[in-house]
Amino acid sequence: MADATDSVSSTTNAVEAPEAKSETKQSTAAAEPKRLWGDEVDDSSDEEPSASTASEDKVVSELNVGELRIEDEEKINTFLDEPEDSNVTAVTSDKTPYTSAKTFEDLNLSPELLKGIYVEMKFQKPSKIQAISLPMILTPPYKDLIAQAHNGSGKTTCFALGMLSRVDPKLKAPQALCICPTRELAIQNLQVVSKMATYTGISSECAVPEEFTASRSRAPVMTQIIIGTPGTIKKWMTIGKLSLRFMKILVFDEADHMLDADGFRDDSLRIMREIRKSSPHCQVLLFSATFSDSVRNFVTRIVEDYNQLFVKKEELSLDAVKQYKVYCPDELAKVMVIRDRIFELGENMGQTIIFTSTKLGASALHKALVELGYDVSTIQGGLDMSARDKIVKEFKDGLTQVLISTDVLARGFDQQQVNVVINYDLPKKHGMRLEPDYEVYLHRVGRAGRFGRKGAVFNLVTAAEKALMEKIEKHFGSQVMEVPPSNSEDDFKAALKAAGLL
DNA sequence: ATTTCGT
């Protein structure tokens, strides 16, 4: 693959940056301390001494990716980095040479898959994260991968292409499995995969709970790519409907949540163990925008000989949107803010998602806003499957402007028209009054400003939540501007203007 | 708390 760069990189253990200039290899890497994937990468200002990036003769590429630094450790680990803005770091586990993909042609994909990428998906070239991760995924020996990727950076494409290119189109048996935390995310991912697969003849289906269908009455799975939620996948496995013998690749979307003790860890591990029993060489990919400390320590124990890729915390999408806080004396004030400010000003701002922490809270807010005469819809896990599907479809079709949601949509939900996110309440760690759930906060924020679009987040904060808000600001080190709740529209107008929405 | 299922 990648014949264009053969002469440069055939003997180096390198993932080349997409826009790497061939002349730029400099020997400045010696002083770089070894950094493991589990280490904190944030808050420490520039650990990358920018003095070494001698900018005189440097052509700044449009992707802002400079040359890679290569450093051989005494161990087999090789360290790859991007000096200029080291927001993506890849760590390979051995000497397997990887060359980053400047184009999709570099990836040795089938012509049918390539056509799907260009014609159906209308992609032109790999995003930064795709350029680096895809060669790691697709180059034999197929190593496991732990990848932290921005919200909306195209990580779905990474594992979708991974699955599609590892599947043998002629073998009519399940060969790729993707596990997601919610039904909605599984359905969304399936839509991406099946669109990408248009010309390949590769089949895909969802393994999610359905309202009127019993698993036991279905035929054994012959679909090649399965995307689903833990419960249904487990069910299909235990009743023998899902053969694992031909499984080549296992993907965890929102991997940190899937492997969090407080999330789906038990289910995920059980599924993974079963697959490894039948298919010991099944490749495992872990993708998420966030990895909490405890999870990333755990994760490195369940995969071995893995490649890894991570980005700095401050690069994780928080800067793409403007964050605001509105101190509200009580809950009524929150409703008034939504009514008088967001709804009144929001006409041309695109769609809005209002997050609540509980199903009850979602229903209560729904009731209040409907009573005020507003047309909102609400989704939460307590609803019928068909109702959930309908509400998501209406929102994705643009028929609904405002959607109230629990954290069922906090992760991964991709709707590019969403420019405003409202935290009706702030995410808290389970059972902890004063401890914010930073990961959920970041994922909620990530629903706005998809793919670098403009966006604004309004945190509606009561006195009881003030400490949470302060901790969140401190944790991310990002400015959350205060907007007064009631004085005049002008403050909100200014906030929305600053966010680029008015 | 939230998610997913089973029972």
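Atom set for the values below is all heavy atoms of this structure, side chains included, hydrogens, waters and symmetry mates excluded.
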Lys/Arg cation over aromatic A:Tyr142: A:Arg166, 6.0 Å, 45° cone: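 Yes, a cation-pi geometry holds between A:Arg166 and A:Tyr142.
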Cationic tip of A:Lys334 within the cone over A:Tyr424's six-membered ring, i.e. under 6.0 Å and within 45° of the normal? yes
Distance check needed: [N] [atom2] versus [X] [atom1], whole Å only.
X: A:Ile271; N: B:dG6; atom1: CD1; atom2: P; value: 12 Å
X: A:Arg270; N: B:dG6; atom1: CZ; atom2: C1'; value: 11 Å
X: A:Arg216; N: B:dC5; atom1: CZ; atom2: C1'; value: 14 Å
X: A:Ile404; N: B:dT2; atom1: CD1; atom2: C1'; value: 17 Å
X: A:Ile239; N: B:dC5; atom1: CD1; atom2: P; value: 13 Å
X: A:Met237; N: B:dC5; atom1: CE; atom2: P; value: 14 Å
X: A:Gln380; N: B:dT3; atom1: CD; atom2: C1'; value: 12 Å
X: A:Asp267; N: B:dC5; atom1: CG; atom2: C1'; value: 8 Å

Distance-only polar pair, side chains of A:Lys248 and A:Gln175, donor-acceptor under 3.5 Å: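 Yes - a donor-acceptor pair under 3.5 Å links their side chains.
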What's A:Lys234 touching, base or sugar-phosphate or nothing? Going by heavy atoms closer than 4.0 Å. nothing
Residue-level proximity of residues 423-440 of chain A to DNA chain B when a heavy atom falls under 4.0 Å: A:His430
For the pair A:Ser386 and A:Glu211, evaluate side chain to side chain donor-acceptor pair (under 3.5 Å) and give the outcome as yes or no after the intermediate values. CA-CA 7 Å; A:Ser386 54; A:Glu211 210 160 354; 2.7 Å; yes
I need the full list of ring-ring contact (aromatic ring centres under 6.0 Å, His included) pairs touching residues 230-256 of chain A, with sequence neighbours left out, sorted by first then second residue.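 Listed by first then second residue: nothing to list.
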Distance below 4.0 Å between A:Arg388 side-chain N/O and B:dT3 OP1 or OP2: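 Negative; the distance criterion is not met.
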Taking the minimum atom-to-atom distance to the side chain of [X], which one of [options] wins?
X: A:Thr229; options: B:dA1, B:dT3, B:dT4; answer: B:dT4
X: A:Arg183; options: B:dT2, B:dT4, B:dA1; answer: B:dT4
X: A:Thr232; options: B:dC5, B:dT2, B:dA1; answer: B:dC5

May I ask you to test the A:His443-A:Asp407 pair for a side-chain heavy-atom distance under 4.5 Å?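 No - every pair of side-chain heavy atoms lies 4.5 Å or more apart.
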For the NZ atom on A:Lys367, are there more than 12 heavy atoms of other groups (residues, nucleotides or ligands in this structure) within a distance under 6.0 Å?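 No, because the 6.0 Å sphere around NZ of A:Lys367 holds 12 heavy atoms or fewer from other groups.
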